Amino acid sequence: MAAFTAIAFLLSILALTGVIVYASLIYVKPDEYLMVNWKFPLSPRPPVDQYMALGLEQGWRARIYLNGYNWILMARAVCDFDRRPLTLIEGGQFATVEALFGVPLSPGELFARRVIRANNFTDGEQFLRQSGQRGVQIPLVLQGKWAINERMFKVRIHSLREIKAVQAEVEVAIGKPTRTMMQPHIGIVTLMVGEEIPETERRTIARRMENHSNFQQLANLLGDHILSENRLEMGIQPDVVEMGKFAHHPFIVGVEDRPMRYIRQGSVAVVFSSAGKDPTDDQIEEKVINNRGEVAVILKKVQGIAIVEIRGYLKETFGPGFIPVHFYHPYAYNLVIIDTAPTRICWVRPGDHQQQQPGQAPAHTHALSTVEFGPILVNTKEGFAVPMDAELLTSFSRENAPWVAAYAGSGEAMIRDVLKPVFEDIAQRVISTKSINELIESRDAIREETETAVREVFNKPFHTDVERFNILRFDFEHSPDPQTVAYVNLKTQQASAARQVEVYAAQAKAEEARVAVEMQKSTADSQVVLIGAQFAEKAAEHERNRIKTRGEGVADVAERLQPRGTVVQALGILAADPEILANIARALSRGGPPRT
């Protein structure tokens with residue numbers, strides 16, 4: 001009987017053990033995880049603001065159970081189960097995590113500042129015990145299969161951000177057709193977390209940080225254990241992201257995709273650092289007063305291609321081709337493209353300049369670009385207003401490009417706002433010392449004098465090389481001053497009359513020679529008389545025509561110059577009839593009256 005009782009007791013113990021084991025041992029498949037709702041009535045309830053159960057607290061547990069057999073005491077009797085598939089993050093993807101429970105965020109916070117990794121958020125109990133904050137978490141979850149408690153965390157899967165080269169039409173040289181090529185891109189980063197930039201530092205761009213792995217490891221830099229001087233600052237970041245695929249937190253890291261500009265042949269890039277500190281005197285190469293009256297600073301040469309963190313124009317120039325990527329940052333640096341190829345600056349009437357025909361060589365084969373303005377209106381020392389068509393061939397050297405950028409902001413502005421008005425002032429100054437007759441008769445001498453003056457002024461302080469200056473014409477015909485047009489027309493008539501007189505004289509001499517030959521051939525006296533009479537008649541006709549032409553010219557001069565006064569009228573008459581001037585000169589030399 002005792003033996004039977006012992007056996008029954010043992011069997012009951014085994015049965016109870018079997019029941020307990022069966023009720024407590026839970027199997028989880030390899031591709032899933034298990035969430036447990038502990039409902040034992042004698043267990044304590046979690047705090048009101050905790051929601052998720054820790055340890056033996058009642059409620060859905062923060063802890064999850066993974067593949068295999070898991071021991072949960074009497075789970076089948078006092079628990080509810082929720083089996084969920086593992087979260088799969090495939091290649092080319094990553095995930096962000098939002099904690100639904102935890103310490104509430106402080107007022108003004110948008111993200112969880114406290115970095116609690118909790119084994120890639122697979123250990124919810126550790127997250128709560130370490131006072132993890134609710135809200136969007138900064139650490140990311142990368143490729144793989146993860147058992148993340150979906151009742152405690154919300155998982156969002158994102159594709160990697162790709163920055164890549166794009167096929168584009170690129171101008172590789174001035175005046176050459178564009179070429180299809182792969183144009184690299186960069187990413188400009190803006191952070192929504194970090195310390196604010198101190199107002200006293202007058203910076204618009206955040207402090208540079210190291211070891212951020214293209215802004216994928218922000219959790220390492222934002223943890224409480226990081227020293228304050230080494231923390232990230234929110235806002236635009238000075239570093240750019242180069243081409244590749246990156247896991248950028250979509251709620252924290254904003255990336256602006258921008259193409260890298262190709263610096264064409266015949267041009268250089270001048271870099272202006274706009275986001276650094278003010279330079280000290282030992283960092284300054286030269287201070288330039290620009291065309292707006294502001295002080296622009298040219299920095300001393302920086303070794304290599306180092307990142308510049310002081311404000312000013314770099315003395316080094318870059319290009320052609322693609323330049324160091326950090327200089328493409330549009331908020332930290334400004335690229336000023338200066339054309340170093342010769343530029344032809346023209347002052348001509350619109351539509352009146354000579355057009356280049358296909359197959360025709362240009363006036364200056366080495367001038368790759370042309371800038372046109374209207375004619376320059378110059379005034380002679382007598383007050384005659386004359387439009388002048390001119391061309392000026394200039395260039396900016398690679399060494400002088402930073403000074404051009406500092407003075408005017410760009411090569412186009414240098415030509416438009418500086419060189420044009422300065423040249424027009426020089427041309428006016430030179431022409432104002434010349435008479436209108438010198439403009440007509442001595443254009444080459446005026447060109448040389450103007451070119452010399454332009455070279456002296458353009459070289460310093462404008463750092464511009466002058467290769468050639470040419471006066472295309474003095475456009476007397478389109479002068480706004482009617483008296484200028486009248487005077488030049490009279491000068492034209494005078495020259496025409498002088499040429500006509502020469503023609504008449506030559507014709508008269510030829511006629512005399514012919515008559516002499518005819519007279520020599522004649523043997524009869526009557527024939528001699530006849531020939532002489534014919535010659536006398538022709539000579540008289542020639543003299544009448546000459547006197548008539550002189551009279552008409554003098555009368556026209558007198559009528560046109562009548563508004564300018566008697567003296568000017570008399571001078572015009574003398575200028576229009578060179579024979580009168582010659583008679584006056586002979587009379588003065590003999591002391592007698594002139595012959596009319």
Side-chain angles (χ1 to χ4, degrees), residues 28-36 51-52 60-67 81-103 105 109-128 130 132-164 166 185-194 212-223 232 234 237 241-257:
V28 180
K29 297 178 180 179
D31 58 348
E32 66 180 13
Y33 68 93
L34 180 69
M35 295 184 290
V36 175
Y51 301 103
M52 301 297 292
W60 286 99
R61 288 184 172 180
R63 178 186 175 184
I64 58 176
Y65 299 88
L66 305 180
N67 168 242
F81 303 111
D82 187 1
R83 298 177 183 270
R84 298 288 180 93
L86 297 177
T87 299
L88 174 63
I89 303 175
E90 298 179 345
Q93 295 180 331
F94 67 97
T96 57
V97 176
E98 179 183 358
L100 305 178
F101 306 104
V103 178
L105 297 176
E109 287 186 336
L110 301 177
F111 310 99
R113 171 75 183 188
R114 191 171 298 154
V115 178
I116 307 296
R117 298 180 184 277
N119 192 22
N120 279 322
F121 303 102
T122 59
D123 191 343
E125 187 166 339
Q126 179 189 2
F127 181 84
L128 293 178
Q130 293 185 357
Q133 291 178 290
R134 69 180 62 177
V136 176
Q137 305 297 303
I138 293 177
L140 303 175
V141 181
L142 303 181
Q143 177 183 356
K145 287 186 176 181
W146 306 96
I148 300 176
N149 191 335
E150 295 183 21
R151 291 183 178 273
M152 184 173 174
F153 300 105
K154 183 176 183 180
V155 180
R156 298 181 177 91
I157 297 178
H158 311 271
S159 297
L160 295 176
R161 175 178 280 118
E162 183 178 12
I163 300 175
K164 60 183 180 179
V166 177
H185 282 226
I186 58 171
I188 309 301
V189 176
T190 302
L191 292 186
M192 275 67 80
V193 295
H212 52 66
S213 184
N214 283 310
F215 301 96
Q216 299 178 103
Q217 302 295 336
L218 299 183
N220 293 339
L221 303 174
L222 289 170
L232 279 177
M234 67 173 58
Q237 301 300 303
V241 178
E242 300 185 37
M243 293 188 296
K245 292 184 176 181
F246 305 98
H248 288 147
H249 200 303
F251 306 121
I252 296 177
V253 181
V255 179
E256 178 184 358
D257 194 318

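All figures in this text were calculated on a predicted structure; none of them were measured in a lab.
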* **R114 backbone acceptor or donor facing Q133 side chain under 3.5 Å** => yes

* Backbone of P250 reached by a side-chain donor or acceptor of H248 within 3.5 Å -> no

* Please indicate whether R63 has more than 12 foreign heavy atoms, meaning atoms of other residues, nucleotides or ligands, lying under 6.0 Å from its CZ. =>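 It does not: R63 CZ has 12 such atoms or fewer within range.
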
* Asked: In this structure, are over 12 heavy atoms from other groups packed under 6.0 Å from E242 atom CD?
  -> no

Spatial distance of atom [atom1] ([X]) from atom [atom2] ([Y]) [nearest 0.5 Å]:
X: I64; Y: R83; atom1: CD1; atom2: CZ; answer: 13.0 Å
X: M152; Y: F127; atom1: CE; atom2: CZ; answer: 5.5 Å
X: T190; Y: F215; atom1: OG1; atom2: CZ; answer: 9.5 Å
X: Y33; Y: N67; atom1: OH; atom2: CG; answer: 14.5 Å
X: Q137; Y: I252; atom1: CD; atom2: CD1; answer: 9.0 Å
X: L66; Y: E32; atom1: CG; atom2: CD; answer: 10.5 Å

Heavy-atom side-chain contact between [X] and [Y] under 4.5 Å:
X: V155; Y: F121; result: no
X: M192; Y: F251; result: no
X: T87; Y: V141; result: no

If every non-hydrogen atom of [X] is compared with every non-hydrogen atom of [Y], which pair is closest and at what distance?
X: I188; Y: I186; result: CD1-CD1, 4.0 Å
X: I89; Y: A95; result: CD1-CB, 3.4 Å
X: I116; Y: G132; result: CG1-CA, 3.9 Å
X: A147; Y: L86; result: CB-CD2, 3.6 Å
X: P139; Y: V115; result: CG-CG1, 3.6 Å
X: R161; Y: V253; result: NH1-O, 4.0 Å

* To do: Could you please spell out the steps behind the side-chain contact (heavy atoms from CB on, under 4.5 Å) verdict for Q237 and L191?
  => CA-CA 7 Å; Q237 301 300 303; L191 292 186; 3.7 Å; yes

* Which of these, M35, R84, E125, sits in a side chain to side chain contact (heavy atoms under 4.5 Å, CB included) with N149? ->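 Testing each of M35, R84, E125 against N149, the sole residue satisfying side chain to side chain contact (heavy atoms under 4.5 Å, CB included) is M35.
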
* **For T96, the option from R156, K154, H158, H249 that meets side-chain hydrogen bond (donor to acceptor under 3.5 Å, both in side chains)** => H158

